[in-house]
Amino acid sequence: MIIDGKAIAAKVRAEVAQAVKEIEARAGVTPGLALIRVGSDPASEVYVRGKVKACQETGMGGFEHILPETTPEEDLLALVRELNVNPHVHGVLVQLPLPKHISSEEVLDALAPQKDVDGFGPHNAGALFTGRQGLRPCTPLGIMRLLDESQTRLLGARALVVGRSNIVGKPVAMLLLERHATVTLAHSRTADLAAEVGAADVLVAAVGKAEMIRGAWVKPGATVIDVGINRNAAGKLVGDVEFPPAAERARAITPVPGGVGPMTIAYLLSNTIQAAKAQLGLT
Ligand code: NDP
């Protein structure tokens, strides 16, 4: 089974559009997401534009704040504090990376936890780690939805996450643990990655190296979620997993592109709905 992230993301967006209408009807308020971009990193420009467009398509407010590269940290912190108390804004996203003179930790610390729709701040990261309610990071939520939509059994399954970043690897490992998988977290110092992959019923690859996980390592019948977005030597967009041989062995696998990618924005919108409901006292 090829897991169709585009179709599943469209389903999530339709759920969000429906929720926007319900919130408007019940509270007379349109959920809103503020997006802050500092500087002119071309990839960030594309990402933020895509996020604003996605907001508009679901009927949600999307407010873009573009600041110059030279913006002092204090000015960015002042904007974050202003948005923290702005009643039209239920979610705030600061597009990373930030210019070098700004500490992303300071900025994430300043963000109100109930509006931290990326779930990267210390409050929400701690809530995930301790199993408390909070906003979970978007890509990991998208991955969990892909696993559910592909009827992947998690309870008691051996799950291997390759990559231990704060935005993908670590949080997705926690979400898998919450669902009672037996979780292994691999990284650049893992001794025998091929053996770890070979034992995994569920494989989540979040490394950022073109096709570094060989298809022949994949356990027959496994579910493979490929988070990586890389260009191979021929300039083609590929994942972290060598797709054709992996697809022969896996029960279900995500393609790149069209797998995890579309889920991230869909869950950013979904998190904004969750945040708006909590702030408006709706259940
Ligand atoms: P990071 O660069 O932050 O982390 C990469 C991780 O991979 C690190 O933990 C690193 O280990 C590990 N790693 C590096 N080399 C190896 C190796 N040879 N064997 C095993 N592990 C290794 O990446 P991100 O988590 O931010 O992103 C990972 C990929 O996912 C990227 O391609 C990115 O573009 C993509 N991505 C896609 C998203 C989407 O929406 N589809 C969203 C976010 C990311 P160590 O810690 O030891 O250095």
Side-chain angles (χ1 to χ4, degrees), residues 3-10 12-13 35 41-44 46-51 53-54 93-98 104-105 108 117-120 125 128 136-147 159-176 183-200 203-215 217-218 224-233 235-243 246 253-271:
I3 306 172
D4 186 347
K6 256 185 166 170
I8 299 168
V12 176
R13 286 178 191 225
L35 299 124
D41 175 60
S44 295
V46 172
Y47 292 149
V48 171
R49 208 175 310 129
K51 289 168 185 174
K53 191 166 155 261
L93 179 145
V94 183
Q95 185 66 44
L96 302 176
L98 288 167
S104 53
E105 286 185 0
L108 290 176
V117 283
D118 251 343
F120 292 162
L128 171 59
R136 309 304 196 213
C138 306
T139 304
L141 281 178
I143 293 169
M144 298 309 288
R145 178 71 178 257
L146 294 176
L147 289 170
L160 174 70
V161 179
V162 191
R164 54 174 163 180
S165 71
N166 288 333
I167 65 169
V168 190
K170 276 191 237 168
V172 82
M174 294 311 301
L175 292 176
L176 288 162
V183 182
T184 302
L185 203 42
H187 45 78
S188 65
R189 266 71 148 209
T190 293
D192 187 350
L193 188 60
E196 299 292 348
V197 172
L203 168 65
V204 178
V207 180
K209 289 193 174 157
E211 299 176 319
M212 59 96 55
I213 295 174
R214 313 313 296 174
W217 299 352
V218 171
V224 179
I225 306 289
D226 193 347
V227 188
I229 306 172
N230 318 288
R231 296 232 173 246
N232 68 7
K236 189 176 165 241
L237 216 54
V238 295
D240 291 340
V241 180
E242 193 191 13
F243 186 87
I253 186 167
T254 58
V256 176
V260 177
M263 298 301 289
T264 299
I265 292 187
Y267 270 91
L268 172 65
L269 304 175
S270 168
N271 271 356

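Atoms within each ligand, like the ligands themselves, are counted from 1 in listed order. Small disclaimer: the values here were computed from a predicted structure and weren't measured.
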State if Ala206 counts as touching ligand 1 under the rule of any non-hydrogen atom under 4.0 Å. yes

Within the 4.5 Å heavy-atom criterion, are Val238 and Phe243 side-chain neighbours or not? no

Give the numbers and elements of all ligand 1 atoms closer than 4.0 Å to a heavy atom of Val162. 20 (C), 21 (N)

With side chains defined as the heavy atoms from C-beta onward, is the minimum distance between Pro97 and Ser44 less than 4.5 Å? yes

What residue and atom, counting heavy atoms only, is the protein's closest point to atom 43 (C) of ligand 1, and at what distance? Val168 CG2, 3.7 Å

Verify, without hydrogens or angle tests, whether Asp240 (side chain) and Asp226 (backbone) share a donor-acceptor contact under 3.5 angstrom. no

Separation of Lys51 NZ from Gln95 CD (nearest 0.5 Å): 3.5 Å

Does Ile3 reach the side chain of Leu147, with side-chain heavy atoms less than 4.5 Å apart? no

Quick one: nearest non-hydrogen protein atom to atom 11 (O) of ligand 1, plus distance? Ser188 N, 3.2 Å

Sorted by chain and residue number, the salt bridge (Lys or Arg N to Asp or Glu O under 4.0 Å) partners of Arg145 (sequence neighbours excluded) come out as Glu15, Glu149

What atoms of ligand 1 come within less than 4.0 Å of a heavy atom belonging to Ile167? 26 (O)

What I'd like to find out is whether the side chain of Leu193 reaches to under 4.5 Å of the side chain of Met212, using heavy atoms alone. yes

Counting non-hydrogen protein atoms only, what is the nearest one to atom 39 (C) of ligand 1? Give residue, atom name and distance. Thr264 OG1, 3.7 Å

Atom 30 (O) of ligand 1 - nearest protein heavy atom and its distance: Val227 O, 3.5 Å

Taking salt bridge (Lys or Arg N to Asp or Glu O under 4.0 Å) as the test, write out the residues that go with Glu242, two or more places apart. Arg214

Looking only at protein heavy atoms, identify the closest one to atom 46 (O) of ligand 1 and say how far it is in Å. Arg164 NE, 2.8 Å

Evaluate the side-chain proximity of Val172 to Val227: yes if any heavy-atom separation is below 4.5 Å, no if none is. no

Atom 27 (O) of ligand 1 touched by protein heavy atom at under 4.0 Å: no

In this structure, atom 18 (N) of ligand 1 is nearest to the protein heavy atom Met212 CE, 3.2 Å

Considering only heavy atoms, does Met263 approach ligand 1 within less than 4.0 Å through its side chain, its backbone, both, or neither? neither

Check the pair Trp217 / Leu203 against side-chain contact (heavy atoms from CB on, under 4.5 Å), numbers first and verdict last. CA-CA 11 Å; Trp217 299 352; Leu203 168 65; over 6 Å; no

Do Leu141 and Thr139 have side-chain heavy atoms sitting under 4.5 Å apart? no

In the protein, what heavy atom is nearest to atom 42 (C) of ligand 1, and what distance, to one decimal place, separates them? Thr139 OG1, 3.4 Å

I'd like to know if Gly169 contacts ligand 1, where contact means a heavy-atom distance under 4.0 Å to any ligand atom. no

Looking at atom 20 (C) of ligand 1, what's its closest protein heavy atom, distance included? His187 O, 3.1 Å

At less than 4.0 angstrom from any non-hydrogen atom of Arg189, what atoms of ligand 1 do you find? 47 (O)

Heavy-atom nearest neighbour of atom 34 (O) of ligand 1 within options Ile229, Val207, Asp226: Ile229

Closest candidate by heavy atom, reference atom 4 (O) of ligand 1, pool Pro262, Ser165, Ala210: Ser165

Here the atoms of ligand 1 under 4.0 Å from any heavy atom belonging to Asn230 are 32 (O)

